[in-house]
Structures are given as structure tokens and as C-alpha cells.
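Structure, as C-alpha cells:
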Amino acid sequence: MTTMVMEREAPTLTATPWELVYQRPAALTDLPTHYCPGCSHGAIHRMVAEVIDELGIRERTIGVAPVGCAVFAYKYFNLDSCEAAHGRAPAMATGLKRVRPDRIVFTYQGDGDLASIGGNEILHAALRGEQITVIFVNNAVYGMTGGQMAPTTIAGMKTTSSPMGRDVLTQGYPIHIPELLAPMPGVAYAVRRSMHAVAEMRKVKKAIRMAFQAQLQGVGFSIVEILGACPTNWHVSPTDALDYIRDRMLPEYPVGDFKVDARLRD
Amino acid sequence: MTTMVMEREAPTLTATPWELVYQRPAALTDLPTHYCPGCSHGAIHRMVAEVIDELGIRERTIGVAPVGCAVFAYKYFNLDSCEAAHGRAPAMATGLKRVRPDRIVFTYQGDGDLASIGGNEILHAALRGEQITVIFVNNAVYGMTGGQMAPTTIAGMKTTSSPMGRDVLTQGYPIHIPELLAPMPGVAYAVRRSMHAVAEMRKVKKAIRMAFQAQLQGVGFSIVEILGACPTNWHVSPTDALDYIRDRMLPEYPVGDFKVDARLRD
Amino acid sequence: METSIIISGFGGQGALFAGQVLAYAAMESGKEVTWIPSYGPEMRGGTAHCTVVIGDEPIGAPLVRNPDCVIAMNLPSVDKYTPLVKVGGLLLYDSTLVKQSLLRDDIVSAAVPAHDIALRCGSHQLVNIVMLGALLARCPLVELPAVEQALRAHLPERHADLLRPNIVALHAGAAYTASQPAV
Amino acid sequence: METSIIISGFGGQGALFAGQVLAYAAMESGKEVTWIPSYGPEMRGGTAHCTVVIGDEPIGAPLVRNPDCVIAMNLPSVDKYTPLVKVGGLLLYDSTLVKQSLLRDDIVSAAVPAHDIALRCGSHQLVNIVMLGALLARCPLVELPAVEQALRAHLPERHADLLRPNIVALHAGAAYTASQPAV
Amino acid sequence: MARELWKGNEALAEAAIRAGVDAFFGYPITPQTELLEYMARRMPELGRTFLQAESEIGAINMVYGAACAGARAMTSSSSPGISLMQEGLSYIAGSEVPCVLVDIMRGGPGLGNIQPGQADYFQLTRSAGHGDFHPLVLAPATVQEAVDLMTISFDLAFQYRTIVIIAGDGALGQMMEPVTLPPMRPPRQERPAWALTGVDGRQPNIITSLYLDADELEQVNLRLQAKLARIAAAEQRWECYLTDDADFLVVAFGTVARIARTAVRTARAAGIRAGLFRPISLWPFPAPALDQLAARVKGVVVAEMNAGQMVEDVRLIVRGRAPVRFLGRTGGVIPLPDEIASELTHMARIDAHANGDRG
Amino acid sequence: MARELWKGNEALAEAAIRAGVDAFFGYPITPQTELLEYMARRMPELGRTFLQAESEIGAINMVYGAACAGARAMTSSSSPGISLMQEGLSYIAGSEVPCVLVDIMRGGPGLGNIQPGQADYFQLTRSAGHGDFHPLVLAPATVQEAVDLMTISFDLAFQYRTIVIIAGDGALGQMMEPVTLPPMRPPRQERPAWALTGVDGRQPNIITSLYLDADELEQVNLRLQAKLARIAAAEQRWECYLTDDADFLVVAFGTVARIARTAVRTARAAGIRAGLFRPISLWPFPAPALDQLAARVKGVVVAEMNAGQMVEDVRLIVRGRAPVRFLGRTGGVIPLPDEIASELTHMARIDAHANGDRG
Amino acid sequence: MTRGTVTIQSDRCKSCGLCIQACPQHVLAFAEEFNLRGYRPVQLDEREHHCTGCGVCALVCPDVVFTVYRQPLRRAA
Amino acid sequence: MTRGTVTIQSDRCKSCGLCIQACPQHVLAFAEEFNLRGYRPVQLDEREHHCTGCGVCALVCPDVVFTVYRQPLRRAA
Ligand SMILES: Cc1ncc(C[n+]2csc(CCOP(=O)(O)OP(=O)(O)O)c2C)c(N)n1
Ligand SMILES: Cc1ncc(C[n+]2csc(CCOP(=O)(O)OP(=O)(O)O)c2C)c(N)n1
Ligand code: SF4
Ligand code: SF4
Ligand code: SF4
Ligand code: SF4
Ligand code: SF4
Ligand code: SF4
Ligand SMILES: [Mg+2]
Ligand SMILES: [Mg+2]
């Protein structure tokens, strides 16, 4: 990967040195991702990596990749990781964490993975208050397999397996994961965030940080649902995809804190 | 089965004839059950059968039996029925109902079956608002396999797989199924009832009736959780088991209506 | 030579425990032995049974269809096992509970008033060991002291007070049977 | 005899469609034919390709490692397939986009300024059909009218206005190649 | 009946529809997904049941339910999804209800990849779940054959109350070929007598695979095995290509058989009398037909896209009468005609050698 | 080391503990449950991990996770539960992490019953999931052997980075027999180099079974197959009982082999030179050892508690050199010694007949 | 005023005692004899004429042992 | 007042345009040339001296294309 530093004239006005204010996080490898242009997975990966760097836990963090477009997350995160079977990341993470309680274990999962086939694994990991962190990217479709309906597909949305638009009466209603899990006593942190705007993205990162913080403090299971864009399967441009999140997904999936353990506010 | 009519002197005071006020419902076969003395399954079966009789739907009702102590429910109900794989009754019922929408399809499931291995099937049947009725018997243990911990086992309760008492921090917290499912738009009826006293049992039956009613009206998925006794695995007498429900289970599992579709009040 | 024994009764009558005691005694006497219970979702309070096989060489099948000996502690057990006992085999039953005219003349049947004997030894819970004693009087698979030893080692601690009565019951059962003619 | 053709380009360049048109034309010409796309989670906007195999007998493998002909519509495709073309095979590439000095002298390479030709025919979206025309000029697997017919039958309705330009492009591609010497 | 170009997955779907499928339940997985997507479009149009299940476990148990109601029910998946269906399949087999399953196999084990594979051969033919049963497994080699087999699959499933599996691979699922589709069957109204339809006027129908009593379950198994024996006798399917005078035989199924066909032609061109034996039914394996050939050929090459599975069946049948060589490619690699041809050449050479024909 | 009476399920659990199991994840199912219950008591006492999973799918994927961390992880189940683990097992095999699984088989198919069975033979040896792999399958016939095999299972699993399955049945799990247990191993501290432990000071470890590129996946499969070939060569286990001079052989494993032993004695008493060949490793099947015997015996009886599974392996090896008869009982029925003995007698009689020895 | 009675399918009874505890009139008790399945079944005791036919026993009985009859009492005119 | 700049790993850029839309200073634009993977990568345009080093581009970029520098400006005394 060649780095082209755009040539620009040397700053003349001042003697203060250039400060590096942002660079690629150490918890990401150098590999370019396979994601489509504008896909939210890339930015979310980066934020997870930044949080891991900031918390200084890269050396003791273990990631669990899903089956979904983020299947190669294990190549992108510069840390020990593994690839779970479709939907089973929470079970795999449970196994890892139970035998290595001093390690930080997180799963990264899509909506098909977590909310459809893996519903039971996430439900019971949350019930058990498993000390793991779940990064849950809701893009309302099965990205990897080509845009089928997910449990999170919004009403009326056309997908390749709901070609007339999701009919909630026959195909089911959207599922609200953090709302579902928040009442469970083992859950320390359950929130929803969105990638549709700069300010929201900053909140995404803060939430990811809190979720890892919960694990570091050992206060319970933590999950951040993130509304992300899948321009490819929404058949819109990357920039329009942000509007799509705002206009179509947010009404169904309001951002918010559904559970924040009191000990986390410390 | 010999029927002993207890000999008693003929009634002398009156000319009015004896009225039959209660007899074995037609929707039960004649077979004695294999349940332990005082097991709630028997009485719950009877109430389901009574409701089916009262609604006059025996001829078009299809039952789905679980894997659990109620595995032989298909022998006891006098109607068409089948035996699902452990936890998969809601999926099987979905298949049945989708191809026979004019039939009444119900599942009868235990807490291990429904809330542990079958968590995903019940979750998604509810999400889809599947037009089925679920009779969910929570006896806080795996009865059939000899009293292991269930997801509904209450904190501190000793079972064969939580011999020191359920430690919620490592073994998970009890799950509250109707509360979990009630917020889903596809769910028309989600309540909890208890078998611990006569008055409560009358409410159990009313709830079962409402749940079938919901299906008859086509307003969505219906579920009745029923706190039932497993004297054998609780290691108490059948009568003490009622106190156990009242004193130990009710505090964790309050009876109540968590969702009653407005159309059902008509 | 393998000898197979089925011990059967209502749940709670201690059929499984009596079998284990026999198995321990056999093991300590240097025999090969297997013990296997009935298992699974049988009706609670229904019949429970176990099969013990004792031999000098490694045991083949731990489960048998036609046992050499049967101890039947209730009517359903008598009904179930009478036809199954091997020709020339032995059926012991609790004659206090079961009033049964015998159906087979190709086996040896022994009526043991085990309930009565047990009560005399101190508790109706001793029926199982009375019957075990009776069995061993007819079919000396192990010595009674070995059984005493097994009882000593394996009677659950919470029943320590029952050790003596159990030993008494064992001998009482044996003595009763020894005094009776074989039918 | 089977002839295998791989058509490859960026997603959106219509590689798969050009292959289908060829397959339809072959079928209607009474040939045996298979068409198979690349599939799976390849990077979107990355390379997409399909393989068409045409023959007189039932087709064996629908996928081939060493194709007889390759149409490469972008640089990655040229890079990927140049080494794979069968000895004596044919590589056509869009020379408007790819400035490539050829690496193999054991295959026939044909540089087609397809982008330019397509623009002249009315749209840069016609590159795929220009290349198809070019292929058929070098390797007459099917007659051009059969391809025209296939275009008529299978161009999606919403692109009906592109039918004429497509036909023009087909012939333009063929004409251009026919006019060039084979390298 | 016009020939049209159809993609394997979509042709299977349309053929199932024309064969009268009442209900499809499935979960997306590459390289099978187009089948599900096609069903998502077409089934509701026809007023039939399409449902995307929450998982393959959901799907197979929905199929189980719908089949209990007497419906023509099916699902489709690919290798990892088939693994998840094992328990359900075992229940369906134990309950003897009919259903159809499509497995568009991919590279394994584990997540593997999505390229074509045949490594589920054992899983489909030997052990589609715990317990003793075999689904009827049909392996088409062309899209046309996929259509033809799908067309009869429900009839077979209902005739025997058995599971019928159409076993394809990623290549078959993804490719387009010319096919002629059968006409649409009129919707079926009658329900089998065993189906759960409500007890109206009769004794309850019960569908279960539970028999607590060992003797009773053994009886059920004997009945099941007797049925399987009937299927084994009646439903063997295979194709012979140039086997009449063949000295050397390739045995291959599905996509590999197409390639083997080319290889046989190549070998013949090189003067080797080669032939192709192509099992179409993988279970029941067409043993007698192969047995006859095995009695007189000089060598057998088994080619598969796996590490050696069907070759066991072939060896069981050949019983040492001729050498059996195995050519396996895995991970989604499709063997080349030349690879198979050179196995044949190799065999012919060894054979010539052994016969003192040292040229 | 004193002999004590141990129940098979509990002995397996205690042996696993003494062999250093770090983590047990499981789900109750008869006739295996006592193993889980024993673990529930003992593991926490020892400060090790016990967790009752939400399902068998949860359990096997927890095992997968714990194994990725380098722990000695195990689960146990019975037939329907094993079906549910197929996907997970395939991932574990594809990722080459070590683990141990106990299958206490019961009657099938479907829910079947809870009596002893051996009908998962195919599932365990041929197809414990999609794709090409074989777990190492060990079938003890006594509780003592169950303990002995469990004692080495983790070492084998780690040596080869493979799945080791202890295949028992309801009888073995439920019975008590005298056993001598090995001493408790000191807890193991070292972690394999491939384990996920955090990247501290090294490049990331990645555990995956995904290889999108066909050639790459094929390479992985070749490596996997080469490993399986090494296991096949090195890990065959079997027992011969009175085979030295045997004319007739019984081949049986697990519980049936115990019965066959009695049958062999019975047959010998009746003047038939019978012997027992007992595979202990079901995969790898001890083929060469049986092959040698097959070359000189006059007949083989295969007895199994299924409808005929291992018999295929036996036939593959015998290759027609001697007649092979199959005796199968299913549904939880255990064959009697006499049934097996009479198969031997029958064979001997036919053989005598064929040799003109018409008495 | 209403009087009632019940018939008892003794062989179904499992001696759980739930009906005895629940009967508002306390007219139920265990028999001395065992039934076919080894349980001491419930029977109406000597106070049986107090039975009102309220059906509570039938409601609580898990084994559907009871059939309940009622007779609205009218003092003969 | 702060000025900033960014460096751009052009070959990582996928032309999604998110940064262009998000940059508060509107100093980003697509290049004419294609990068190795066939995308027209983003570059600083002629107004690049307006870049404040705010990092928004880096925040929104899914492909971690940007490195951001900042220089607190002090007018030379
Ligand atoms: C058992 C199994 N079933 C199905 C699949 C196919 N599959 C792969 S990814 C996927 C869905 C991915 O969707 P999601 O989790 O939402 O992730 P996204 O791609 O949208 O990020 C499916 C169904 C599989 N690999 N394994
Ligand atoms: C796949 C599978 N796993 C496990 C079992 C064993 N099993 C049978 S019933 C049961 C639990 C039953 O508990 P519950 O559902 O609460 O019903 P109850 O017996 O308490 O009424 C289990 C684990 C099985 N039959 N199948
Ligand atoms: S398909 Fe959607 S989720 Fe997958 S990489 Fe492309 S944009 Fe992202
Ligand atoms: S074990 Fe419990 S749930 Fe099962 S029949 Fe007995 S009392 Fe009922
Ligand atoms: S009907 Fe009422 S009063 Fe009569 S026995 Fe039953 S509970 Fe008692
Ligand atoms: S409630 Fe029913 S089963 Fe229980 S004691 Fe009364 S009659 Fe018998
Ligand atoms: S740092 Fe800020 S001002 Fe500079 S290019 Fe990036 S977004 Fe624009
Ligand atoms: S956000 Fe990143 S990938 Fe997208 S256009 Fe800007 S630099 Fe390129
Ligand atoms: Mg998604
Ligand atoms: Mg329960």
C-alpha cells in the first residue's frame, strides 16, 4: 500500500510543529478491507480498534468474527481472533471468556447472524450476564448473501427475499435487540447508536468504549447495536445510505440507552 | 379402567334429578398419564382439553408435543398431534399453521424445551406473530431428565446441575418469557398464571381460553406461561409443592397480563 | 459362569441400593460384577429395578432378558418377572404384599414375608436387605460378611443409624429362607 | 469440441450480461452451452466474470481453469487471465483502458479500443457488447444475427432504448477486429 | 416445450413449483440462495407458502410440521446448513413423513468456502442424522436433470413417506443451461390418510418418532428398514456412457460426471476404451449395475470433489476384482478433464505393463 | 489404586477431570446426564469451568471457543444432541482445534428412546459434519476401558489437534463396574503456541475454517487429510480374543463386544473355533489387523446395535474372501449371547456343508 | 341449597392429596387399600353428604379422577 | 486558529464520497485518475489550506484512508 502524502507547501506562518492528530489505530492490520464503498463495517471496525488502543488492551483482547460481511474481521483486527459459526459467536465468546476470564473478549456480529440464526446464543449469553462485549451491526439486511430480509428489515422494505416489501403480518416484525436484552439483570450495558451523521458517529465510539469498559469493570454483558449502511443491498449511494438510515431506520430503531449499569457511570 | 362409583344412599330429600356438572373432557383420551403424583402437567392438560371442548374446536385442532415430561401429550389429547424435536415445537407449529391456516394449532412446552434449547424458535414465532397458541409450563427444572437447572430455575435453587444452588452470576438469571415477548407487535396475548391455588387455577383456565380465542380471532401469537409443580424434582410433597410455587416462584415470576390485544377484550 | 440377578420394586423400596450392596460385596470378594439400573422417564413411584451380574470372568452383557434370580418386592414386579426367570432359576417375592399362587413349576420360588421381617428388624425400609439376605441363603453368590462390609462402607452417612438394623435384616432374611424348604 | 470463454470486468461493466447474450445466441443456434458467473462475497465494485462454454455435445465442465478465449475489460482482468489463456487461445482486452505490452507470444492478443468504440456507439455502457462483437469476429462461435436476436429477446425492458445502440456496438466491435491483423 | 436458459437454483425452484410444492421454508446460504429468492417471488404469487425461517433448524422443523399436515414441503440449503438440519431430518425419517431437501454443496469443512463441493456425500447417504435411516439421494449432473429429478421428487417422497434429497453443488446451482421445463401440475387437493388435518370423524392421527419400549422401537425400525430395502431395490438410477466395451471405468456423479464424460472422450481418442458409470441415485447406490461392470473391467477410477467418499461404495462393490484409483479435488477445486483422463491413461499403462505388454 | 464401583457416566467424568479437563460445557440428555451432573458438582470444587449451555449447539460452540483458547475442553451428549453438534464439529475440525466429545448413544432415529444403541456409528466415523474430516472415535467396552481411553483422549486431541470422541452407549453410561482410576494429573499451565491468549509480544493468532480461495482451501484439506492419514496409521486400536486359531470371527464393538465375548465362549464350548475381533478405535478402523484375520477365517459375523453400519467397514476389508453375516438389533434391544452364538453355529454348519462334510 | 356428589376413578388416583387439601367440605380422604398401581386412592369419607358438588376436587386433580354431580335440593313440598 | 492537513492513502480509497460530504471545510474532492483498485480516490483540492485538521474525514472514512495533522498557528512574532 503506497502512501501518497499530498504535496502541499510547507506551512510558513509558524514555528509550531505539526502534530499528528489522527492515524491508523494499532489494533487494525494494514490490510485493505473487502467491504463495498461506503459500507459501515469499515468505520465501525476502526472505532472498535481505536477504543482497544485507547484502553490499552490490544495485547489481551480476543475477537470473535461472525459469518456475514464482517467474516474477515479477524484479518482486519490486529489481535488474536477466531471465526465463529453463523450466529454462534456469543457461545464461542463464552467458551473463551470462561477459560480466560482475564482476557477481553468481544464479538462482532451482523443482524442476520445475531438476531436470526443466533438468537438463542445472544439471548442466553445476555441472560447469563456473560462478561463479553458485543458489537452488533444492524444494516437491516443479510449483506453477505446478497441482500435478503433480516429480522431487522423494516416494514415494507424490499429485499431479495421480500421482493414485495417486508409484509410484517406474514414475514414478521422487526426485532429490537437492546430493548429485548436490557431488562435482563446480567446485562450491564445495552444501547443503540447510528452511523448516519458525524455527531452520531462520535456517540457510536463512546458507546463502544463504554461497552468495553463494562467488561473491564466486570459488571456484566454489554452490547452496542449500531445502525450501519449497506449501500450495495439498499441500492443507494453511500451518501444516500446515510439518509436512508436517518429517514427509514431511525424511526423503527431509535438510538438510546436501554440499560447503563450504575457502576458504569462512576 | 374400572370406575368405582362410591356407594352412597340415594338422595331422599328431593325430586330434582342429579345433574352432571363435571366429567372428563372429550379432548382427553382415556389413557392414564405417566406423570408423577401431583405433577401439574395433568391438570393443565385437562384444562387445555376443557377449553378445546368448550370452544368446540377439537375436530380442527392440531397439537404439538414437546420433548420434556409432557412428551406423551400426544397420547393424552384426543386430537391430531405430533411430537416435535426438543425446543422446536414453535417451528413445527409454524409449518402446520402456514399450510393449514384454518386449523387451530397449539404447542405445549416445558421451560427447558421452550426457554433453553428452543429460545430462538419461540422468539421468532412470536416476532412473526405466528397464529399459534403456546401453553408454556414453567416448573423451574428439567423434569424429564431428572431435575437439572432450567433457564427458569430461581436463584439459589438446588438442582442436579446446580448442586450448590443456582448462582446467577455464573449460571445466569431466570428468564421471563411473557415479559420478553409481550412488546413484540405480533404477540396478541402474553400472560403468566400459576397453579398454586384453586382461585389461581381458575385463572389459568381462563387464560388458556383467551389464548385459543386469540388464535380463533386471528389476532396474533398467544402464550400462557403457567407456573406448575414438579414435586419429584423439587423433592417436596405435592401439597408442599403448591406452597413452593407461592413462596419461591411467585416472587420471581409474578402472575399478570403482559399483553392483551385490545381486540380480545371485545 | 455368570449369575444375573434382577431386584425390582416400587421406587423408594431400595431395589437399586440392594443391588449396589450386592455388587460391592461381589467386587470385594474378588468377583467380576456389573450393576445397571432401569433408567429414564418411567413413571415415578412406579417400578424401579436393577440388574446385577456376578461372575469369575469379565462380565458380558450387563443387561439380561432372562435372569437367573429375581427379587420381586411388589406385585407388578412379580407379574413382570415371573415369566422371564430362566428355567431352573430363582424367584423371591415379598409374600407379605404379594399373595400369589405360583405359575411356574420350572423355577424355584421363595415366598419371603419380607415386610413382616423388616418390621421386626425395626423398619419397613429394610425389606430390600431382608430380600437380599434371603437371596444369598438360596444362592450363595457372596458371603454375608462381605455384604455386611459393603453395607458398612456404602450406607449413606445420613442413615448411619440404620446400619445395625440393616445387618440384622440381612441375617434375618437369610435365616428365614434357610429355614424354609425350596419350592 | 468445446470452446470456453471468460468475460471479465469491473462490476457494472456488464460482463455477466454479455456472457448470457452469447449463451442465448449459442442455444438458439442449436449448440450446447453453459454459463456460470463468479459468485460469492467478492468485493463489490471489484471484478466480476462469467464463463461460457459452447459445444456440439453436452458440455462437460462449466468452469475451466484455462479458457480458450478471454475478454478482459479492465486491468485486473488482464492481469488475472493473461497467464491462464490456453496456448493458442485468444485474449481480447479493452485497449482504451489498458495499456499493456503483451507478455505471451503463445496466444493471440487483440487490443480493442472498446471504450472509444462504445462512446461512438452512444454509451460507455456498451463496452461489453463491443467486446463480444470483437470476440465473434475472431472466433465465429455464433452468427451475429443470432446475437442480435438474443439481445432483442433478453435486454431488460427498462433498457429497451439501448437495443439499437447495442446492435450497433456489436457490429462495430466485430468490424473493428475484423479490420485488424491478428497479433 | 421451448428450451430456455435457466440457472440451476432457479430451475430447481420452478420445477418444484410445477411439481406442486405447497410450502417452502428456507434460510439463505450461498451457493443456494437464488433458489430461496426465486421461491420468495413465485410462491406468494401462486398463493402458496413461502417463509424465510430464522435458521436452518427453524426451516427443517417447519418443513416437518408442514409435512405432517400432508403438504408437499421442502427446503434447500448448503453444507453447513445441512449439518444443522440433522436432528430434524432424523425426526422426519423416524416419523416417516415425506419431504424434499436440496443440498447445493460447497467446500468444507467448517465455513470452508462457497465453491462447488461433494464432501457431503457421506452425510447425505450414510448419516443425515443419528439413527438408522437413509434419505433417497438424487444427484443431477445437468440443469435439465435437476429439473427432471425435482419433478419426480415429491411423488417419490410421498410414495415411500421418505426424505428425498436433491444433491447438487455450487456449479450446478449457479450455472445456466438450456432446459425444457415440464408443465405446471394442477394443485393437489387430496390429503394422505395419515396427515394431521383435525380429527373430524375419525380417530386421532399421531405423528411421532418416540417409542420408549425397545421392542416397539425395534419393530418400527424393522418396518423402516424394510421400506428402505424396497426403495433400495426399486429406485436405483444411473447412467452408463460408453461402458459397453469399456476396459476402464470412471465412476463419478454430479458435476464431476460431466467432466468425466469429457475425459472419457479424451481417453478414447487416445485409444483407451474408457467408459463412465454415473450414479444418479447416491442412495440407493446402483450397486448391481456397477457390480456387473466391475466383473469385467480392468480398472476403475473414482473421481469426486471430496477426499474420498463415494469411493468407499465403489470399493464395497468392486471387492478387489479390479484396481480402484481415487482422484479427489477438494476445497472447491473442480477436477479437469485432463486429470481424469490421465488417471485412465495411467491405469491403462499399468495394466498393459502387468500383462507383459511392455511395449 | 483401589478398585471401586463406578457408573460409566461418572467414571468418564472423573477420568476426564483426572486427565486435566479445564472446561466442560453440556446440555442434559438421557442416558448421558450423570456425566454432566457429576461435572456440575466436581468442576467448581476444583476451580475449573462447568457451564450448562442453553443447548447442544451452545455447548459445542463454547467448547470451540474454550479450545481456541488452548483449554482442554469437552462436552458430552447422546444421539439427538450429537446431530445438533454437526456444524460445530465441522468448524472445529476445519479449524484444527482439539476437543473431546462423549456420545452415549441411544435408540433412534428421531426421539427414538433412551435405551442403548450404536446407530451413530456412521455419524461418528463417516460424517460428524459436512466436509471431509474424521474425528478419532474410541469405543470402550467396559467402564475401566472408558476410564483408560478418557485418560488419553486429551493427549491425543492435542497431539493431533483433532476431535476425539468417546463412543459409548446407554448400557455403558448407566452401568457400574469395578474400576481403578488413574491418579489426578497436576493442572497443566502451558498453552499451545497456536492458542488465542492475547497478542502480547507476538503476531496475532487466528483460528478459522474459512478459505475463500479454492486452491487455498484445497491446501488446507490436503494438510488435514495428511494428518488424518497419520492418525489412521498410528492410532488404530483393537482387541483380539481367541482369534489365534479362530475359524469364525465375531466383529463387534462396545457393549455388543462384551456379549460377543460370552457368545464366543459358548460357541467354543460347542466345538466351534470362534474368536472375537473388537475394534476399539472405530475411526481409524483397525483395517490391517482385521485384514490379516480375514485372510484366513471361514466366516465373519458382525454384530451391532444398529441396522448395519460397521458391517460396511468389515465388508470393505474382507473383500469377499469370507462370508460376512450381519446381526443387528435396534431400538435399544441388546443382542443376547445366544443370538450371536447361533449365528456362529449357523455359519459353521453352512461351511461344513459346503465342504462336503455332510455329517 | 345444593348437594352434590362425585364419582372417583380410583385406579387413576395417584394419592397426591391435592383434592383432599382443596375440598372445601373436607369430605375426601385416602382409602386404606391400594389401587392397581400401588397408590392409596382418594375416597369420599363418612362426611360425604356434605359434598356440595362444587367441583374443586375435579379442578385440582391432575389425574382427572373425578366426575361431579349436583342436585339442587328442594325440600319435598 | 489552527490549520491542519491530511495525508491520504489513495489506494485504500473506494470513492464512497462520505468524507467529501462530511468535510466541514469542503476541501476534499475526487481525483481524475483511478487508483489501483479502479476507484477515483479522494484528494485535497485547491482549497486545501482551509483544512483545519478537524479529523471528520478520518472519522467518517470506512477505509481508514486519512492521517490527520494539526498545527496550532501562531503568527510569527
Ligand atoms: C449455517 C449457515 N447458514 C447460512 C449461512 C449463509 N450466510 C452467510 S452470511 C449470512 C447472513 C449475513 O447477514 P448479517 O449477519 O446481517 O451480516 P451482514 O453481511 O449484513 O453484515 C448468511 C445467511 C452460513 N454461512 N451458515
Ligand atoms: C436435542 C435434545 N437435547 C436434550 C434432550 C434431553 N431432554 C429431554 S427433555 C429435556 C428437558 C425437559 O425439561 P422441560 O422442557 O422443562 O420439561 P419438563 O420435563 O420439566 O416438563 C431434555 C434436556 C433431548 N431429548 N433432545
Ligand atoms: S454488501 Fe453491504 S454490508 Fe456487505 S460489504 Fe457491501 S455494503 Fe457492506
Ligand atoms: S418429573 Fe416433575 S414434571 Fe415430570 S412428571 Fe414428575 S412431577 Fe411432573
Ligand atoms: S365436589 Fe367439592 S365438596 Fe364435593 S368432594 Fe369435590 S371438592 Fe369436595
Ligand atoms: S387429586 Fe386426584 S390423583 Fe390426587 S389424590 Fe386426589 S383424586 Fe387422587
Ligand atoms: S481534517 Fe477536517 S477539514 Fe481537513 S480534510 Fe479532513 S474533514 Fe476536511
Ligand atoms: S471516505 Fe474514505 S473511502 Fe470514502 S471517498 Fe473518502 S477517502 Fe475514499
Ligand atoms: Mg446485516
Ligand atoms: Mg420444566
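Being a predicted model, the structure only gives us computed values, none of them experimental.
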Proximity breakdown for [X] and chain E, heavy-atom pairs closer than 4.5 Å:
{"X": "F/L210", "value": "both"}
{"X": "F/L228", "value": "neither"}
{"X": "F/Q219", "value": "neither"}
{"X": "F/E87", "value": "both"}
{"X": "F/I334", "value": "neither"}
{"X": "F/D103", "value": "neither"}
{"X": "F/R321", "value": "neither"}

Close side-chain approach of [X] to [Y], heavy-atom, < 4.5 Å:
{"X": "E/I57", "Y": "F/L84", "value": "yes"}
{"X": "E/P109", "Y": "F/I92", "value": "no"}
{"X": "F/E312", "Y": "E/R126", "value": "yes"}

Top of [options] for chain F proximity - count of heavy-atom pairs under 4.5 angstrom:
{"options": "E/G94, E/S79, E/G332", "value": "E/S79"}
{"options": "E/Q309, E/Q225, E/R315", "value": "E/Q309"}
{"options": "E/G328, E/G131, E/P116, E/G320", "value": "E/G131"}

>> Can you tell me which portion of E/L224 sits under 4.5 Å from chain F's heavy atoms? Options are side chain, backbone, both or neither.
In response: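 Contact with chain F involves the side chain of E/L224 alone.
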Top residue by heavy-atom pair count (under 4.5 Å) with chain E, among [options]?
{"options": "F/D120, F/L222, F/L89, F/D313", "value": "F/D120"}
{"options": "F/I82, F/I317, F/L111, F/V318", "value": "F/L111"}
{"options": "F/A307, F/G112, F/G308", "value": "F/G112"}

Full working for side chain to side chain contact (heavy atoms under 4.5 Å, CB included) between E/S83 and F/H130:
CA-CA 6 Å; E/S83 281; F/H130 60 283; 2.8 Å; yes
**Item:** CD (F/Q292) with more than 12 external heavy atoms under 6.0 Å
**Value:** no
d(E/R319 CZ, F/L316 CG) to nearest 0.5 Å is 11.5 Å
In this structure, CG of F/N113 is separated from CG of E/L217 (nearest 0.5 Å) by 4.5 Å
Margin query: Please determine whether side chain to side chain contact (heavy atoms under 4.5 Å, CB included) holds for the pair E/V333 and F/D215, giving the CA-CA distance in whole Å, both sets of side-chain angles, and the decisive distance to 0.1 Å.
Written below: CA-CA 6 Å; E/V333 178; F/D215 293 311; 3.7 Å; yes
Spell out, as yes or no, whether a donor-acceptor pair under 3.5 Å connects the side chain of [X] to the backbone of [Y].
{"X": "E/N221", "Y": "F/G108", "answer": "yes"}
{"X": "F/S90", "Y": "E/G110", "answer": "yes"}
{"X": "E/D132", "Y": "F/A119", "answer": "no"}

Exercise for review: Could you go through the side chain to side chain contact (heavy atoms under 4.5 Å, CB included) check for E/Q123 and F/Q86 one step at a time?
Suggested key: CA-CA 10 Å; E/Q123 194 170 46; F/Q86 302 270 301; 3.6 Å; yes
